[in-house]
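Letters A, B, ... mirror the listed sequences (proteins, then strands); counts begin at 1. Values below: every heavy atom of this structure, side chains too, minus hydrogens, waters and symmetry copies.
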Protein chains: 2
Amino acid sequence: MDDREESLLDSLKAHGYRLTKPRQAVIRALATAVKPMTVADIHAEGRRYCAELGLVTVYRTVEMLLALGQLHIVHLDAERHGYALASPGHVHHLVCSRCRRIIEVTGCTLDGFLDDLAERTGYRITGHRLEIAGICPECRAKFES
Amino acid sequence: MDDREESLLDSLKAHGYRLTKPRQAVIRALATAVKPMTVADIHAEGRRYCAELGLVTVYRTVEMLLALGQLHIVHLDAERHGYALASPGHVHHLVCSRCRRIIEVTGCTLDGFLDDLAERTGYRITGHRLEIAGICPECRAKFES
DNA sequence: AATCTAACTGAAAAATTTTTTCACTAACCC
DNA sequence: GGGTTAGTGAAAAAATTTTTCAGTTAGATT
């Protein structure tokens with residue numbers, strides 16, 4: 001169990017949630033993943049850790065983790081979306097278009113741009129989501145000769 | 001009919017598509033919208049222009065416009081998404097969290113950051129999606145006293 | 001450790017969303 | 001105007017998500 005997984009379990013406890021096997025399976029599936037996981041992905045992977053894990057519980061646990069701010073929604077190219085454990089702080093995701101491997105990206109440089117934008121439009125800017133698409137080094141090696 | 005709508009119809013013709021009434025209704029619904037439209041939104045609004053418009057046709061027309069690059073997917077706060085006509089060039093969307101009104105944003109300042117990122121990670125960066133959330137001036141006036 | 005109890009569970013059913021199928025319609029070329 | 005074929009809506013099917021509910025289990029109490 002890695003640090004991230006452990007702190008997540010602590011966070012559940014701290015919020016009065018029970019540490020059930022199905023929940024641990026969902027969390028482990030997410031903690032182990034290297035790409036955004038759809039509900040079906042989490043279900044399939046989670047069953048490796050809890051054979052009876054039901055799809056409904058995946059939906060419920062995802063919702064719970066989102067409410068706790070521990071999970072990010074990552075929009076895939078088309079209209080599908082997956083979930084990835086959130087690291088603390090402000091992060092974005094760089095997703096490989098081919099294999100879906102993701103890495104977290106910190107230190108985005110949009111603050112000045114957004115301040116400008118607020119001034120120009122009169123909107124109060126409350127947040128932003130940046131998703132970056134690319135081809136990871138492994139896939140480049142395999143497919144770009 | 002505004003310019004945008006007209007050029008869209010031209011683009012359909014240029015690609016060998018027929019200009020049917022249901023398609024025109026979908027396009028007009030999108031051209032008139034001030035917020036991202038879900039499939040259901042487009043269907044409801046489109047029926048004002050073509051009373052028999054079927055939901056299936058909305059799905060098909062949306063798919064067609066996406067393939068032509070004329071439509072952007074705009075992810076709403078949660079897991080829902082809507083569609084908005086794409087302006088030519090590189091644009092992002094600023095969406096009001098309260099009323100969903102959107103405005104298009106040009107001139108994002110990420111190029112340097114993305115170049116850096118490519119260097120650091122070895123990814124070849126192929127695109128990015130930036131969605132900015134905020135509260136529009138009207139909603140600020142109404143709800144922020 | 002045994003007991004209690006409410007949070008939690010999975011299965012089934014229901015609701016919703018999206019895709020497929022198909023007979024009919026209408027846009028566009030002549 | 002007439003023919004052809006892309007395009008249509010309705011209905012059915014498939015896929016996804018939510019609700020319901022009786023049974024189970026985590027964790028507090030003793």
Side-chain angles (χ1 to χ4, degrees), chain A residues 1 6 8-29 36-68 70-71 73-83, chain B residues 1 6 8-29 36-68 70-71 73-83:
Chain A
M1 164 153 41
E6 190 156 358
L8 205 40
L9 298 179
D10 288 348
S11 163
L12 283 208
K13 270 196 165 166
H15 284 83
Y17 292 107
R18 291 186 180 171
L19 246 60
T20 66
K21 270 182 213 142
R23 274 176 190 163
Q24 291 184 54
V26 168
I27 287 167
R28 176 151 304 174
M37 304 282 275
T38 63
V39 168
D41 291 339
I42 298 169
H43 186 223
E45 185 65 16
R47 287 209 151 177
R48 294 181 50 187
Y49 309 113
C50 172
E52 314 78 30
L53 177 63
L55 192 54
V56 188
T57 297
V58 177
Y59 277 103
R60 286 191 280 230
T61 307
V62 162
E63 191 175 10
M64 184 188 78
L65 293 172
L66 284 173
L68 290 177
Q70 300 284 4
L71 207 55
I73 301 169
V74 180
H75 294 287
L76 308 176
D77 279 357
E79 283 121 314
R80 303 176 63 76
H81 63 270
Y83 300 96
Chain B
M1 167 154 36
E6 190 156 358
L8 205 40
L9 298 179
D10 287 347
S11 163
L12 283 208
K13 270 198 166 163
H15 284 83
Y17 293 105
R18 291 183 182 173
L19 245 60
T20 66
K21 270 183 213 138
R23 274 177 190 162
Q24 292 185 54
V26 168
I27 287 167
R28 175 151 304 175
M37 303 283 276
T38 64
V39 168
D41 290 339
I42 297 168
H43 186 223
E45 185 63 18
R47 288 208 149 179
R48 295 180 49 185
Y49 308 114
C50 172
E52 315 78 31
L53 177 64
L55 193 52
V56 189
T57 297
V58 177
Y59 277 102
R60 288 191 278 231
T61 306
V62 162
E63 191 175 9
M64 183 190 77
L65 292 172
L66 283 173
L68 289 178
Q70 300 283 6
L71 206 56
I73 301 170
V74 180
H75 294 287
L76 308 177
D77 280 355
E79 284 119 313
R80 302 177 64 76
H81 64 268
Y83 302 96

Can you sort out the partners of A:Arg47 under salt bridge (Lys or Arg N to Asp or Glu O under 4.0 Å), two or more places apart, ordered by chain and number?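 Partners of A:Arg47 by the salt bridge (Lys or Arg N to Asp or Glu O under 4.0 Å) criterion come out as none, since no residue qualifies.
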By salt bridge (Lys or Arg N to Asp or Glu O under 4.0 Å) - contacts of A:Arg48 (at least two apart):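 Testing A:Arg48 for salt bridge (Lys or Arg N to Asp or Glu O under 4.0 Å), a comparison that skips the adjacent residues, returns A:Glu45.
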Given D:dG7, D:dT16, C:dA11, the nucleotide with the shortest approach to the side chain of A:Arg80: D:dT16
Starting at atom [atom1] of [X], determine the distance to atom [atom2] of [N], rounded to an integer number of angstrom.
{"X": "A:Leu12", "N": "C:dA7", "atom1": "CG", "atom2": "P", "answer": "16 Å"}
{"X": "B:His43", "N": "C:dT16", "atom1": "NE2", "atom2": "P", "answer": "16 Å"}
{"X": "B:His15", "N": "D:dG7", "atom1": "NE2", "atom2": "C1'", "answer": "18 Å"}
{"X": "A:Leu9", "N": "D:dG27", "atom1": "CG", "atom2": "P", "answer": "11 Å"}
{"X": "B:Met64", "N": "C:dT19", "atom1": "CE", "atom2": "P", "answer": "16 Å"}
{"X": "A:Leu53", "N": "C:dC8", "atom1": "CG", "atom2": "P", "answer": "15 Å"}

So B:His75 and A:His75, would you call those rings parallel, tilted or perpendicular, with 30° and 60° as cut-offs?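 If you compare the ring of B:His75 with that of A:His75, the planes turn out parallel.
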Once each nucleotide of nucleotides 17-24 of chain D is scored for protein heavy atoms under 4.0 Å, what B/S/- sequence comes out, 5' to 3'? BBBB----
Nucleotide N/O to protein N/O under 3.5 Å, stretch nucleotides 26-30 of chain C:
{"residue": "C:dA27", "atom": "N3", "partner": "B:Arg18", "partner atom": "NH1", "Å": "3.2"}
{"residue": "C:dC28", "atom": "OP1", "partner": "B:Leu19", "partner atom": "N", "Å": "2.7"}

Checking B:Gln24 now: which residues fulfil side-chain contact (heavy atoms from CB on, under 4.5 Å) with it, not counting sequence neighbours?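 In terms of side-chain contact (heavy atoms from CB on, under 4.5 Å), with neighbours along the sequence ignored, B:Gln24 is linked to B:Leu9, B:Leu19.
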Contacts of type side-chain contact (heavy atoms from CB on, under 4.5 Å), residue A:Tyr17, not counting sequence neighbours: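 side-chain contact (heavy atoms from CB on, under 4.5 Å) list for A:Tyr17, sorted by chain: A:Leu12, A:His15, A:Arg23, A:Met64, A:Leu68.
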Find out whether A:Thr61 and A:Ile42 are in side-chain contact, i.e. whether some heavy atom of one side chain is under 4.5 Å from a heavy atom of the other.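 Of all side-chain heavy-atom pairs linking A:Ile42 with A:Thr61, none is under 4.5 Å.
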With a 4.5 Å heavy-atom cut-off, do A:Val39 and A:Tyr83 have their side chains touching? yes
Does any N or O in the side chain of A:His81 come within less than 3.5 Å of the main-chain N or O of A:Thr38, such that one atom is a donor and the other an acceptor?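 Judged by distance alone, no pair lies under 3.5 Å.
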